[in-house]
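Reviewing the structure listed below.
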Amino acid sequence: MKRLFITGQSGFVGLAFERARAHVVAAQGWELVLADTPYDLLDPDSLERVLRQACPDAVIHLAGQTFIPEAFRDPAHTLDVNLKGTLNLLQALQRSGFNGTFLYISSGDVYGRVSPEFLPISEQQPARPQNPYAVSKAAAELLCYQWSCNMPWRILVARPFNHIGPGQREDFVISSVARQLARIKLGLQGAGILVGDVDVSRDFLDVEDVISAYLALLEKGQNGEIYNVCSGKEYLIRDMIASMLYLTEIDVAIERDPTRLRPSDLRRVQGSNQKIALATAWTPRIPMQQTLLSVLSDWDARVAAESAKR
């Protein structure tokens, strides 16, 4: 078995990797190696200690500051973690004798606002980041490309679009709605859900399909290349919420919360997954209804556990 080390193992996708360890990760020939001692992206010595213990054949760099409102509040910290932290990790890998594949997880957010006539968004679309988080990701992509030109490893970049599934924080719209619906079912809040702008579209993908895409890139992605990881479909937020109401059989009012509106929010997002499909034969496999059911069930359990502790 090849040894796979992921950073950010306690985050949304990292925890999904842990859940998928047997039926997805091991099934594709990887042994998931998790850090058993703490480390910090801004502490190079701690990174080198962990990597020497892990001895990975491949690294997927998931860790970072990913919450856009926090990036606006503290852009300097976001740049430190996402750019300088990536440099620290690459240097620690070099010092530890790494000679495998490094997959940097960027974001589809680097494209910024794309006019409808250019949808779906391909990798040929220029990066025009519109928030500090996206700026930090675009900068780290350039860093990885520079390293790919000078190192004997294989270094590539994934640009995931919106992904959803069990375990996601309530800061994200689908997770937030699922949590509110779970609370309504238990009588913990009134029959209304608070949302931001629901008349925008996003390209949503199940987190387990995202994991499969990353593993496919480790096997067949080309050095120095960037790949979108997305469904290739455009989902209106309002329609997603309607599907969730249908699945839960709950009739609630949808109320706009001004605090959830973002001034730089994009109106429409749809990515193209043609490049990754041609390179690796990867395609999304999990139907959206199945994904929404898993998110709703997860929040039912989490809210019930929260309520029981009171």
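Quick caveat, the model's predicted, so the values are computed rather than measured.
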More than 12 non-hydrogen atoms from neighbouring residues, nucleotides or ligands closer than 6.0 Å to [atom1] on [X], yes or no?
{"X": "Lys84", "atom1": "NZ", "result": "no"}
{"X": "Gln289", "atom1": "CD", "result": "no"}
{"X": "Glu306", "atom1": "CD", "result": "yes"}
{"X": "Glu255", "atom1": "CD", "result": "yes"}
{"X": "Arg128", "atom1": "CZ", "result": "no"}
{"X": "Gln274", "atom1": "CD", "result": "no"}
{"X": "Asp199", "atom1": "CG", "result": "yes"}

Sole residue of Arg3, Lys2, Arg21 in salt bridge (Lys or Arg N to Asp or Glu O under 4.0 Å) with Glu31: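 Single salt bridge (Lys or Arg N to Asp or Glu O under 4.0 Å) partner of Glu31 among Arg3, Lys2, Arg21: Arg3.
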Test applied, salt bridge (Lys or Arg N to Asp or Glu O under 4.0 Å); reference residue, Asp197; option that passes from Arg268, Arg267, Arg260: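 Of the listed options, the one satisfying the test is Arg267.
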Verdict with supporting geometry, Tyr235 and Arg202, side chain to side chain contact (heavy atoms under 4.5 Å, CB included): CA-CA 5 Å; Tyr235 295 93; Arg202 294 292 181 265; 5.8 Å; no
Please report the shortest heavy-atom distance between [X] and [Y], naming the atom on each side.
{"X": "Ala158", "Y": "Leu103", "value": "N-CD1, 3.8 Å"}
{"X": "Tyr133", "Y": "Ala71", "value": "N-CB, 3.6 Å"}
{"X": "Thr78", "Y": "Ser136", "value": "CG2-OG, 3.7 Å"}
{"X": "Gln130", "Y": "Phe72", "value": "O-CZ, 4.1 Å"}
{"X": "Asp300", "Y": "Ala182", "value": "OD1-CB, 3.4 Å"}
{"X": "Ala92", "Y": "Pro44", "value": "CB-O, 4.4 Å"}

Straight-line distance of His23 NE2 to Gln28 CD, nearest 0.5 Å: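 Going from NE2 on His23 over to CD on Gln28, the span is 10.5 Å.
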Phe98 CZ to Asp57 CG distance, which is reported to the nearest 0.5 Å: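 Phe98 CZ to Asp57 CG: 8.0 Å, rounded to 0.5 Å.
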Side chain to side chain donor-acceptor pair (under 3.5 Å) assessment of Ser96 paired with Glu48: CA-CA 6 Å; Ser96 66; Glu48 188 172 347; over 6 Å; no
Any heavy-atom pair between the side chains of [Y] and [X] that's under 4.5 Å?
{"X": "Tyr39", "Y": "Thr7", "answer": "yes"}
{"X": "Leu247", "Y": "Leu293", "answer": "yes"}
{"X": "Phe5", "Y": "Gln53", "answer": "no"}
{"X": "Gln270", "Y": "Lys233", "answer": "no"}
{"X": "Glu225", "Y": "Val157", "answer": "no"}
{"X": "Glu141", "Y": "Cys144", "answer": "no"}
{"X": "Leu41", "Y": "Asn88", "answer": "no"}
{"X": "Phe204", "Y": "Ser231", "answer": "no"}

Check: [X] side chain, [Y] main-chain N or O, donor-acceptor pair, under 3.5 Å:
{"X": "Asp74", "Y": "Glu70", "result": "no"}
{"X": "Arg154", "Y": "Leu218", "result": "yes"}
{"X": "Trp147", "Y": "Gln91", "result": "no"}
{"X": "Trp30", "Y": "Leu215", "result": "no"}
{"X": "Thr86", "Y": "Asn82", "result": "yes"}
{"X": "Asp209", "Y": "Arg285", "result": "yes"}
{"X": "Glu234", "Y": "Leu236", "result": "no"}
{"X": "Lys137", "Y": "Gly108", "result": "no"}

Leu181/Leu245 under side chain to side chain contact (heavy atoms under 4.5 Å, CB included): CA gap, chis, key distance, verdict: CA-CA 8 Å; Leu181 291 174; Leu245 296 179; 3.6 Å; yes
What about [X] and [Y], same hydrophobic cluster or not, with Ile/Leu/Val/Met/Phe/Trp/Tyr joined at side-chain heavy-atom distances under 4.5 Å?
{"X": "Phe12", "Y": "Leu32", "value": "yes"}
{"X": "Ile105", "Y": "Phe172", "value": "no"}
{"X": "Leu205", "Y": "Leu62", "value": "yes"}
{"X": "Leu93", "Y": "Leu42", "value": "yes"}
{"X": "Met151", "Y": "Leu156", "value": "no"}

Cation-pi check, Arg159 onto Tyr104 ring (under 6.0 Å, within 45° of axis):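 No, a cation-pi geometry is absent between Arg159 and Tyr104.
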Derivation of the salt bridge (Lys or Arg N to Asp or Glu O under 4.0 Å) call for Arg302 and Asp298: CA-CA 6 Å; Arg302 289 159 76 178; Asp298 175 58; 2.8 Å; yes
Hydrogens and angles aside, do [X] and [Y] bring a side-chain donor and acceptor to less than 3.5 Å of each other?
{"X": "Ser46", "Y": "Asp40", "value": "no"}
{"X": "Asn223", "Y": "Tyr145", "value": "no"}
{"X": "Asn162", "Y": "Asp203", "value": "no"}
{"X": "Trp299", "Y": "Ser175", "value": "yes"}
{"X": "His163", "Y": "Glu208", "value": "no"}
{"X": "Glu170", "Y": "Ser176", "value": "no"}

Passing option when Asn273 is tested against Cys230, Pro120, Ser122 for side chain to side chain contact (heavy atoms under 4.5 Å, CB included):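 Going through the options one by one, the only one that passes is Cys230.
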Partner of Arg238 under side chain to side chain contact (heavy atoms under 4.5 Å, CB included), chosen from Val195, Val200, Val198: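 Of Val195, Val200, Val198, side chain to side chain contact (heavy atoms under 4.5 Å, CB included) with Arg238 is met by Val198 alone.
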Candidate pair Asp109 and Ile68, rule side chain to side chain contact (heavy atoms under 4.5 Å, CB included), full reasoning: CA-CA 10 Å; Asp109 209 33; Ile68 292 174; 3.4 Å; yes
Parallel, tilted or perpendicular, as decided by the 30° and 60° cut-offs, for the rings of Phe17 and Tyr214: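 It falls in the parallel class, under 30°.
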CA sep, side-chain torsions, deciding dist, call: Asn228, Tyr111, side chain to side chain donor-acceptor pair (under 3.5 Å): CA-CA 11 Å; Asn228 287 344; Tyr111 292 112; 2.7 Å; yes
Ile164 and Met240: CA distance, side-chain angles, deciding distance, side chain to side chain contact (heavy atoms under 4.5 Å, CB included) verdict: CA-CA 12 Å; Ile164 54 177; Met240 295 282 280; 4.0 Å; yes
